[in-house]
2 protein chains.
Amino acid sequence: MTEKPKHGSAELDRLDLKILDVLQRDNKTPQRTIAEMIHLSAPAVQRRIKRMEEFGVIQANVALVDPAKVDQSITLFVEVEMESERAELYEAAKRSFSAAPEVQQCYYVTGEADFILIIIVRTMPDYEALTRKLFFGNNNVKRFRTFVSMERVKVGLSVPLE
Amino acid sequence: MTEKPKHGSAELDRLDLKILDVLQRDNKTPQRTIAEMIHLSAPAVQRRIKRMEEFGVIQANVALVDPAKVDQSITLFVEVEMESERAELYEAAKRSFSAAPEVQQCYYVTGEADFILIIIVRTMPDYEALTRKLFFGNNNVKRFRTFVSMERVKVGLSVPLE
DNA sequence: CGTATAAATGCAATTTTGTTGCAGAAAGCG
DNA sequence: CGCTTTCTGCAACAAAATTGCATTTATACG
């Protein structure tokens, strides 16, 4: 038709990207509205969204909550350095970090650290207790370095879609 | 009624927190479904959600996109250290960082760094170009340290709701 | 080059979900 | 106590999402 369509494969065309662009900002945008934006019908938009969800392009649809409004006002960054590089110990650490609700994000990285964590807590004593559980309680953690966030300048999980 | 209600203030009761808990996971959950979970009527749930949106407790409703599925597969962490501490220069830096779509998150922190950025790019040359624009192009940036993410162990913006 | 096949689309009907008006119940307050 | 405010549920309503179906478009292939 007008745009380059996609066949059996997982390809996303310009219209799909535009849909994602909208949904990344506000996934409550009516399909009709999106349809008008990209000159498609609502059902077409709906099918594309469904397809992208099935394909995992869209991983989840979530509400973003302001931590401060629920009294979870302290954001922390932690660089964690591990002692041993044994795979099983890494996996155990990953599971441990992932399981903690205070750990909002956890990345395994290269460089001077092994993991980088983003943590949200209500109070510093809460953080202290968490470090005891996650780091001191894990004797494969060699050391960790904490940064305290003073301002959340930009927060989101939007992926750039050129 | 059954639960501790809220009056003029911004207080969130147990039911509000439960609603947030659901919406943080899947904001497409029908209000009727949530209503059943917490033993309320759908309109009651709808009003609570509306109120929390107006109050800013719910900041946004978004779709989470898998970066890899749109060929944006490199996640980077950058600790940025600034030269001068003059407020206006900080503000300028914040604006510059925030304006870049590749910068997914930006936090102003205490400690050995001033800013921590989470960046998503398609290729390393893209990152190189970005550093030139954001860091080398800003002569108030003293130095920056990059970590490359090898695995996104846990990614989200969920706030712990005890 | 035309024909067969697969894929995507639009429209209209249907279903599901969200929204609103209103009367009644619960909680705070003088 | 009785008044006021705030919620709530129910039922009607509006809006949005979803489905079936015929048609158009694109790709593959003879």
Side-chain angles (χ1 to χ4, degrees), chain A residues 1-66 69-71 161, chain B residues 1-66 69-71 161:
Chain A
M1 217 204 89
T2 44
E3 307 291 339
K4 166 173 162 282
K6 53 210 163 338
H7 286 283
S9 84
E11 302 272 317
L12 301 178
D13 66 12
R14 185 185 299 98
L15 297 180
D16 290 316
L17 291 176
K18 182 61 184 151
I19 293 172
L20 286 180
D21 188 52
V22 174
L23 296 183
Q24 276 198 133
R25 298 174 209 280
D26 180 7
N27 73 352
K28 289 293 182 48
T29 310
Q31 295 172 353
R32 296 159 193 279
T33 307
I34 301 174
E36 288 173 20
M37 294 185 202
I38 62 178
H39 307 297
L40 270 186
S41 66
V45 170
Q46 124 88 337
R47 286 166 193 135
R48 281 165 178 263
I49 293 174
K50 180 156 169 272
R51 167 207 265 270
M52 291 193 284
E53 285 174 343
E54 286 168 354
F55 223 104
V57 179
I58 295 174
Q59 294 184 305
N61 287 286
V62 304
L64 300 189
V65 174
D66 182 348
K69 293 284 170 54
V70 291
D71 273 312
L161 305 168
Chain B
M1 216 202 94
T2 46
E3 308 292 338
K4 166 174 161 282
K6 55 213 162 337
H7 287 282
S9 84
E11 302 271 316
L12 301 178
D13 67 13
R14 185 185 298 98
L15 298 179
D16 290 315
L17 291 177
K18 183 61 183 151
I19 292 172
L20 286 180
D21 188 51
V22 173
L23 295 182
Q24 276 197 136
R25 299 174 208 280
D26 180 7
N27 73 352
K28 289 295 183 45
T29 311
Q31 296 172 352
R32 286 170 163 75
T33 307
I34 301 174
E36 288 173 19
M37 293 186 203
I38 62 178
H39 307 297
L40 270 186
S41 66
V45 171
Q46 125 87 338
R47 287 164 193 136
R48 281 163 177 265
I49 293 174
K50 181 158 168 271
R51 167 207 265 270
M52 291 193 282
E53 284 174 344
E54 286 167 355
F55 223 106
V57 179
I58 295 174
Q59 294 184 306
N61 287 286
V62 304
L64 300 188
V65 174
D66 182 348
K69 292 284 170 54
V70 291
D71 273 313
L161 305 168

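Side chains included, hydrogens not; waters and symmetry mates left out as well; all remaining heavy atoms used. As the structure is a computational prediction, the values presented were derived from the model and not from experiment.
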Quickly work out the [X] [atom1] to [N] [atom2] distance and round it to whole Å.
| X | N | atom1 | atom2 | result |
| --- | --- | --- | --- | --- |
| B:Ile19 | C:dG18 | CD1 | P | 12 Å |
| B:Glu36 | D:dT8 | CD | C1' | 17 Å |
| A:Leu23 | D:dA16 | CG | P | 15 Å |
| B:Arg48 | C:dT20 | CZ | C1' | 18 Å |
| A:Asp13 | D:dT27 | CG | P | 12 Å |
| A:Gln46 | C:dG10 | CD | C1' | 14 Å |
| B:Glu11 | C:dG28 | CD | C1' | 14 Å |
| A:Ile34 | D:dA15 | CD1 | C1' | 15 Å |

Nearest-neighbour nucleotide for the [X] side chain, [options] considered:
| X | options | result |
| --- | --- | --- |
| B:Arg47 | D:dA17, C:dA8, C:dG21 | C:dG21 |
| B:Leu40 | D:dG9, C:dT20, D:dT19 | D:dG9 |
| B:Pro30 | D:dA11, C:dT17, C:dG10 | C:dT17 |
| B:Pro43 | C:dA8, D:dA11, C:dA12 | D:dA11 |
| A:Arg32 | C:dG10, D:dA11, D:dA16 | D:dA16 |
| A:Arg51 | C:dT9, D:dA17, C:dA8 | C:dA8 |

Mind running side chain to side chain donor-acceptor pair (under 3.5 Å) on B:Asn61 and B:Asn27 for me, showing each step along the way?
CA-CA 7 Å; B:Asn61 287 286; B:Asn27 73 352; 2.9 Å; yes
Can you see if the side chain of B:Gln31 gets near the phosphate of C:dT17 - specifically, an N or O under 4.0 Å from OP1 or OP2?
no
Within the distance-only criterion (no hydrogens, no angle test), does the side chain of B:Lys69 pair as donor or acceptor with the backbone N or O of A:Phe55 below 3.5 angstrom?
yes
Could you walk me through whether B:Asp13 and B:Arg48 satisfy the salt bridge (Lys or Arg N to Asp or Glu O under 4.0 Å) test, starting with their C-alpha distance in whole Å, then the side-chain angles of each, then the deciding distance to 0.1 Å, before giving a yes or no?
CA-CA 10 Å; B:Asp13 67 13; B:Arg48 281 163 177 265; 2.9 Å; yes
Residue mapping more 5' on DNA chain C - nearest nucleotide basis, B:Lys28 or A:Ala42:
A:Ala42
Considering only NZ, NE, NH1 and NH2 on the basic side and carboxylate oxygens on the acidic side, decide whether A:Lys50 and A:Glu54 come within less than 4.0 Å.
yes
Do B:Ile58 and A:Asp66 come within less than 4.5 Å of each other through their side chains, counting heavy atoms only?
no
